[in-house]
Amino acid sequence: MSRITLTEAAKLLKAGKVVAVPTETVYGLAASLSQPEAVDAIYALKKRPLDNPLIIHLGSPEQILAFTSALPPDFAKLARAFWPGALTMVLECEESKIPSRVRAGLPTAAFRLPSHPLTQELIRETGPLVMPSANLSGKPSGTSVRDVEEDFGAAFPVLDGGLCERGIESTVIRFAGRWEMIRLGCLSAEMLGEVLGYLPVVARPSAKPVCPGQMYKHYAPSAKLRLTGHFEAGRVVVGYAGRSYPHSKRVFPLGAIENPAQVMQNLYGVLRDLDREGVAEAYIDMDVPESGLWMTIRERLRRAAD
Ligand code: TXA
Ligand code: MG
């Protein structure tokens, strides 16, 4: 089957099947929120632990009112500024309105309104969709049809949206007196801060996990990754266009150091390329800024190297 049309995707979803669909961040493994068996199938397909909840993808901001009336301060401001887009908000919800499996039994649920035109059109047809990233649990998220087929097989139904524009997952936030980030993503703290009037802090999952799922290994290729700032001859390097890595065995460029959005878009594809090319060990250039989108890139590389 592999590549399917939007009409076919909608039909399969309404029939309780799981299909892969593009979003502006990464590809998602989609099920209809109203098809509990399809939601179960997502966990099985990804080999995802059952205590890692899923994001509900809405078709319009108003749809949130079907799931919760307890909207925290500045919710509307954030939704106006970043929806549709790469912001996921974790909210207290009416538990009877959302299957427990989607929330991993928590009294909260995560919501996002994707901006990709194909995703929007699909959700208009099907109603809200739950979608984790389309990758086997622990691997880098899929950002192209090729990635999805690698993890789920050439016959798996995929709606082709080309290469994802952002390349990294949405930023996940929750309100705890103030808004705080529980997963860094392709919206930076600074971007959120401009709207909130304060810089949201990163909740420390190691001290007290917001949900157990965030503790698992993530974003990792099979290649052994070493984070470094200096490079010896004969090594495989993951680096930046415009920098020189003399006498390296091979360089995998992530993009220009002046362009973190480009680096983000390429990041998971390059990590997967290491495995495709049979690289056993690679040295990653970590001499990068410590602000804005670089904070997300640093965090993903750190976790990929764990
Ligand atoms: O960009 C994205 O967010 C992509 C695309 C497909 O939309 N989706 C995605 O989903 O990355 P997933 O399942 O790979 O990551 C969802 C994250 C996880 O870190 C999960 O722990 C967190 O959201 N999450 C979901 N519901 C939560 C909740 N009720 N409380 C805390 N964290 C939650
Ligand atoms: Mg994921």
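Read the numbers this way: they start at 1 and go in the same order the structure lists the ligands and their atoms.
Distances from ligand 1 to the non-hydrogen atoms of Arg166 include no value under 4.0 Å.
Contact annotation: for Arg103 versus ligand 1, there are no heavy atoms closer than 4.0 Å. For Arg183, every heavy-atom contact with ligand 1 shorter than 4.0 Å involves the side chain, none the backbone. Residue contacts with ligand 1, taken as heavy atom pairs separated by less than 4.0 Å, involve Thr108 via backbone and side-chain atoms alike. Under 4.0 Å from ligand 1, not a single heavy atom of Met89 appears. With a heavy-atom cut-off of 4.0 Å, Arg174 does not touch ligand 1 at all.
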Quiz: residues 145-154 side-chain donor-acceptor pairs under 3.5 angstrom, not counting sequence neighbours:
| from | atom 1 | to | atom 2 | distance (Å) |
| --- | --- | --- | --- | --- |
| Asp147 | OD1 | Ser144 | OG | 3.3 |
| Asp147 | OD1 | Arg276 | NH2 | 2.5 |
| Asp147 | OD2 | Thr143 | N | 2.9 |
| Asp147 | OD2 | Thr143 | OG1 | 3.3 |
| Asp147 | OD2 | Ser144 | N | 3.3 |
| Asp147 | OD2 | Ser144 | OG | 3.4 |
| Glu149 | OE2 | Ser2 | OG | 2.4 |
| Glu150 | OE1 | Arg272 | NH1 | 3.2 |
| Glu150 | OE2 | Arg276 | NE | 2.6 |
| Glu150 | OE2 | Arg276 | NH2 | 3.3 |
| Asp151 | OD1 | Arg272 | NH1 | 3.2 |
| Asp151 | OD2 | Leu136 | N | 2.9 |
| Asp151 | OD2 | Arg272 | NH2 | 2.9 |

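Counting the atoms of ligand 1 from 1 in the order shown, those under 4.0 Å from a heavy atom of Ile182 are 31 (C), 32 (N). Each of the atoms 10 (O), 12 (P), 13 (O) of ligand 1 lies under 4.0 Å from some heavy atom of Pro132. The Asn52 neighbourhood of ligand 1 comprises atoms 18 (C), 20 (C), 21 (O), with distances under 4.0 Å to a heavy atom of that residue. Listed by atom number, the atoms of ligand 1 under 4.0 Å from Ser170 heavy atoms are 1 (O), 2 (C), 3 (O). Taking every non-hydrogen atom of Ser133 and a distance limit under 4.0 Å, the qualifying atoms of ligand 1 come out as 8 (N), 9 (C), 10 (O), 12 (P), 14 (O). Which parts of ligand 1 touch Leu106 is read off a 4.0 Å heavy-atom cut-off, strictly below it: atoms 28 (C), 29 (N), 30 (N). Listed by atom number, the atoms of ligand 1 under 4.0 Å from Gly28 heavy atoms are 6 (C).
Looking at His57, His116, Glu92, it is His57 that brings a heavy atom closest to atom 7 (O) of ligand 1.
Every N/O-N/O distance between Tyr27 and ligand 1 stays at or above 3.5 Å. The shortest N or O to N or O distance between Glu169 and ligand 1 is not below 3.5 Å. When only interatomic distances are considered, the shortest N/O to N/O separation between Thr25 and ligand 1 falls below 3.5 Å. For Arg48, a nitrogen or oxygen atom sits less than 3.5 Å from a nitrogen or oxygen atom of ligand 1, counting backbone and side chain alike.
A pairwise comparison of heavy atoms in Met191 and Leu293 identifies CE-CD2, 3.9 Å as the closest pair. In plain terms, the two heavy atoms of Leu13 and Ala30 that are nearest each other are CD2-O, 3.4 Å.
The main-chain N or O of Thr108 is never found under 3.5 Å from a side-chain atom of Arg103 such that the two would form a donor-acceptor pair. A donor-acceptor contact shorter than 3.5 Å links the side chain of Gln262 to the backbone of Ala256.
In this structure, Glu8 CD and Leu159 CG are separated by 9.5 Å, a value rounded to the nearest 0.5 Å.
Salt bridge status for Arg303 with Asp306: absent, with no side-chain N to carboxylate O gap under 4.0 Å. Residues Arg183 and Glu169 are not paired through a salt bridge, judged by the lack of any N-O separation under 4.0 Å between the basic side chain and the carboxylate. Ion pair Arg235/Glu232 flagged as a salt bridge, since at least one NZ, NE, NH1 or NH2 atom sits closer than 4.0 Å to an Asp/Glu carboxylate oxygen.
In this structure, a donor-acceptor pair under 3.5 Å is absent between the side chains of Tyr43 and Asn52.
Relative ring orientation between Tyr219 and Tyr268 is described as parallel, the plane-to-plane angle staying below 30° on a 0-90° scale split at 30° and 60°.
For the Mg ion (ligand 2), the N/O/S atoms of Ser133 include one lying under 2.8 Å.
Environment of NZ in Lys249: sparse, with no more than 12 heavy atoms of neighbouring residues, nucleotides or ligands closer than 6.0 Å.
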